[in-house]
Structure formats: C-alpha cells, structure tokens
Amino acid sequence: MSGENQSSISEFMLLGLFTQFQEQQQKPLFVLFLSMYLATVLGNLLIILAISTDSRLHSPMYFFLSILSFVDLCFSSTTVPKMLANHILESQTISYSGCLTQLYFLIVFVDMDNFLLAVMAYDRYVAVCHPLHYTTKMTPQLCALLVVGSWVIAILNALLHTLLMVPLSFCAENRIPHFFCDGSLLKLSCSDTYLNEMMILIVPGLIIISPFICILVSYILIGCAVLRIPSTKGKWKAFSTCGSHLAVVSLFYGTIIALYFNPSSSHSAETDTAATVMYTMVTPMLNPFIYSLRNKDMKGALRKMVAMGFFSAQ
C-alpha cells in the first residue's frame, strides 16, 4: 500500500462461510444464502412500500418500522452480496479501502438498529402507559428528531472508528475469520492498537448499553402497567402490541451477545459462523415476517398492495 495509510497489505482475505464446507455442500449453501438475501430485500421493501402507501399506517410506530426495514435492508446489503460475489468469482479477497468502507457502513447500520429498537421501545411505553397522551407526546417533530439524532450519532461513531483504523499498519497476517470486515481487523494489525481498543470499549459500549437500558426500563414500566389492568383480555391486548418488538429485540441482542460478548474460551469456528449468519442474514430476513405476521393492520396493507399490483398487471 502507499505510505498514506502506512500499510504493506493491499487486500484482506475473507475466510467466510464456504471454506468451512466440502465442495459438494457449497452449491446448496450458496442457493440458501442467496434465497435468504432475496427474501430480506423483498420482505423489507414490501414493509416500506406498505407503510408509505397505506394512510392507516402513517403513525409513529410504523414510521419507525419503515426506517428499521430500510436499515436492515442496507445492513444485509453491506455484507452478503460481497460474500456471494466472492464465491462466484472463486475469490476471498477484499481491498484495503473496500474493507474499511464495509466496516464503516457495518457500524452505521448496527448502531441504527440499536437506536431504533430503543426508540420503538419508548414508543410502545407511551402507547401502553400513556395512551390518552400518545398523539401529544409522540409528535412528528419528536419522531423526526429521534431518527435524525440516531443517524448523526451512528455516522459520527462509525467515522471515528474508521478513521482510527487508517493509521494502523498491517504487515503480514491478512486473513479475517468472518465473511465481512469487523473489529477483528485490530487483531491483524502490527501497530499499537491501544487507542482503538479503548475507543471500542468506551464509545460502542455506551452506544450499545444505553439503548439496551432504555429498552429494559421501558418494558419494566410496560410490565407494571399491564399487571395493573384488571381483565386478562385487557392485559393480553396491551402486551400483544409489544410482542413483535420483543421478538426482534431478542433476536438482535441475542446474536450480538453470542458473537461478541461470550468468553473467548467458549468460541469455536462453528458457533461463530452460526452467530454471524444469524446476525447478518437471519435477523434482517425475519424482522419483516415477525412484524407483518403478528400485525393485522400490516397484513391488511400488504394484502391490499399485492391485490392492487395484481389488478394493475391485468
């Protein structure tokens, strides 16, 4: 590489998924991963289109859901197409600049997922605990401010960590154990990474933990409010408004904990691969199904949109 980034390595090797399987297993896996990616793209696009075209879904909850679908679509597109293309081209390489670009967008969309889940938890808290004041509390201005603020923090955080990567030298080892570039790049550097590691501990720690605490507090308050409802039917109705969100939260944080917060002694190539697939492919694919299958308004909007598309094609 040029002296500007002080690196003698011009590309990295993404060990990926396919190298862990025999050649006869790789083609079915490629078809499976391609199908999962196409389902992710289609599912999230349908959610965005349904919310934008149906006036009944023009509410804060669905506004946040449309942003979440867009983020999930972008997040999956940051990693999966490169992995599929590398398999077709029989290559495992990614350029130095491509790796840093992928890392940047990966951080942005993971942070956005994290913030949006916290914002949606707050939205559910207001809907359950203060239903009469919902429209006055969750104003369009507040919703826009929450989303814009999330984008700004996510972009600045990603920029910080990406710029801190630029001065590092990568002298010999260039094999990344995943099919995308992530924080494991630090382990390959022959430079002093103390500042990078401290920033990873402090900044992302706050960015991950703060929204998680917000979600936890919101659901504790929601749980207390639901328990005060006298009828079982009323309790179920109140709690059912949070069911989809809880499922998505469990998927998101469960996979992150499995991949990044488990003791290193419990890690193996198989468990890391499974957690990585869940994190980058399964979760973004399942989110649209979770929200649409558990939501009557969303199912109605999707049916209406599909019917309009069918009749317009006649």
Side-chain angles (χ1 to χ4, degrees), residues 5 7 10-17 33-34 36-38 40-41 43-45 47-48 64 66-87 91-119 147-168 170 174 176-186 188-189 196 199-200 203-208 211 251-252 255-256 259-260 275-285 287-288:
N5 55 32
S7 174
S10 61
E11 60 185 21
F12 294 95
M13 299 287 291
L14 298 172
L15 299 187
L17 297 174
F33 295 143
L34 176 61
M36 290 170 66
Y37 176 66
L38 292 176
T40 300
V41 172
N44 283 291
L45 280 178
I47 292 289
I48 294 168
F64 296 137
S66 66
I67 303 296
L68 180 66
S69 292
F70 173 74
V71 169
D72 280 341
L73 175 60
C74 294
F75 173 54
S76 188
S77 298
T78 300
T79 57
V80 180
K82 176 62 177 174
M83 180 265 289
L84 296 174
N86 277 3
H87 180 68
S91 167
Q92 295 175 296
T93 62
I94 184 171
S95 67
Y96 177 86
S97 58
C99 196
L100 289 188
T101 302
Q102 191 178 65
L103 176 67
Y104 170 80
F105 284 109
L106 190 72
I107 295 172
V108 168
F109 296 128
V110 169
D111 285 354
M112 277 304 297
D113 258 333
N114 196 38
F115 291 138
L116 285 170
L117 290 176
V119 167
V147 171
V148 171
S150 298
W151 277 113
V152 169
I153 296 172
I155 288 170
L156 290 177
N157 180 49
L159 196 60
L160 168 68
H161 292 289
T162 307
L163 290 177
L164 284 174
M165 282 283 186
V166 173
L168 299 182
F170 298 90
N174 70 337
I176 298 172
H178 300 305
F179 60 88
F180 57 88
C181 297
D182 65 352
S184 59
L185 271 175
L186 288 180
L188 307 182
S189 175
N196 302 71
M199 288 297 101
I200 285 175
V203 181
L206 290 172
I207 285 176
I208 294 291
L251 270 173
F252 179 77
T255 51
I256 284 184
L259 189 59
Y260 293 111
T276 303
V277 171
M278 283 291 296
Y279 172 50
T280 57
M281 286 192 268
V282 177
T283 301
M285 181 187 70
N287 286 355

Discussion item. Does the plane of the ring in Phe109 sit parallel, tilted or perpendicular to the ring in Trp151? Use 30° and 60° as the thresholds.
Written reply: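 If you compare the ring of Phe109 with that of Trp151, the planes turn out perpendicular.
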Rounded distance [0.5 Å steps], [atom1] in [X] versus [atom2] in [Y]:
{"X": "Leu73", "Y": "Thr40", "atom1": "CG", "atom2": "OG1", "answer": "8.5 Å"}
{"X": "Leu117", "Y": "Met112", "atom1": "CG", "atom2": "CE", "answer": "10.0 Å"}
{"X": "Leu251", "Y": "Met285", "atom1": "CG", "atom2": "CE", "answer": "10.0 Å"}
{"X": "Asp72", "Y": "Thr280", "atom1": "CG", "atom2": "OG1", "answer": "11.5 Å"}
{"X": "Ser69", "Y": "Ile47", "atom1": "OG", "atom2": "CD1", "answer": "5.0 Å"}
{"X": "Leu159", "Y": "Leu164", "atom1": "CG", "atom2": "CG", "answer": "9.5 Å"}

Item to complete: Test side-chain contact (heavy atoms from CB on, under 4.5 Å) on Val147 and Val119 and set out the steps.
Response: CA-CA 8 Å; Val147 171; Val119 167; 5.8 Å; no
Non-hydrogen atoms of [X] and [Y] that approach each other most closely:
{"X": "Glu11", "Y": "Asn174", "result": "O-ND2, 3.3 Å"}
{"X": "Cys99", "Y": "Leu185", "result": "SG-CD1, 3.8 Å"}
{"X": "Leu106", "Y": "Cys181", "result": "CD2-O, 3.5 Å"}
{"X": "Pro211", "Y": "Leu206", "result": "CD-O, 3.8 Å"}
{"X": "Phe252", "Y": "Asp113", "result": "CE1-CB, 3.5 Å"}
{"X": "Lys82", "Y": "Thr93", "result": "NZ-O, 3.2 Å"}

Could you check whether any side-chain N or O of [X] sits under 3.5 Å from a backbone N or O of [Y], counting only pairs where one atom can act as donor and the other as acceptor?
{"X": "Gln102", "Y": "Thr78", "value": "yes"}
{"X": "Asn44", "Y": "Pro284", "value": "yes"}
{"X": "Asp111", "Y": "Ile155", "value": "no"}

Measuring only between side-chain heavy atoms, which start at C-beta, is [X] closer than 4.5 Å to [Y]?
{"X": "Cys74", "Y": "Phe105", "value": "no"}
{"X": "Met281", "Y": "Phe33", "value": "yes"}
{"X": "Leu188", "Y": "Leu168", "value": "no"}
{"X": "Thr283", "Y": "Phe75", "value": "no"}
{"X": "Ser150", "Y": "Ile67", "value": "no"}

Worksheet item: How would you list, by chain and number, every residue that makes a side chain to side chain donor-acceptor pair (under 3.5 Å) with Thr101, sequence neighbours excluded?
Response: none
Worksheet item: Who passes side chain to side chain donor-acceptor pair (under 3.5 Å) against Asn114, sequence neighbours left out?
Response: Tyr253
Worksheet item: So Ile207 and Phe115, side-chain contact (heavy atoms from CB on, under 4.5 Å) or not? Walk me through it.
Response: CA-CA 8 Å; Ile207 285 176; Phe115 291 138; 3.7 Å; yes
Discussion item. My understanding is that only residues two or more places apart in sequence, or in another chain, count here; which of them pass ring-ring contact (aromatic ring centres under 6.0 Å, His included) with Phe179?
Written reply: none
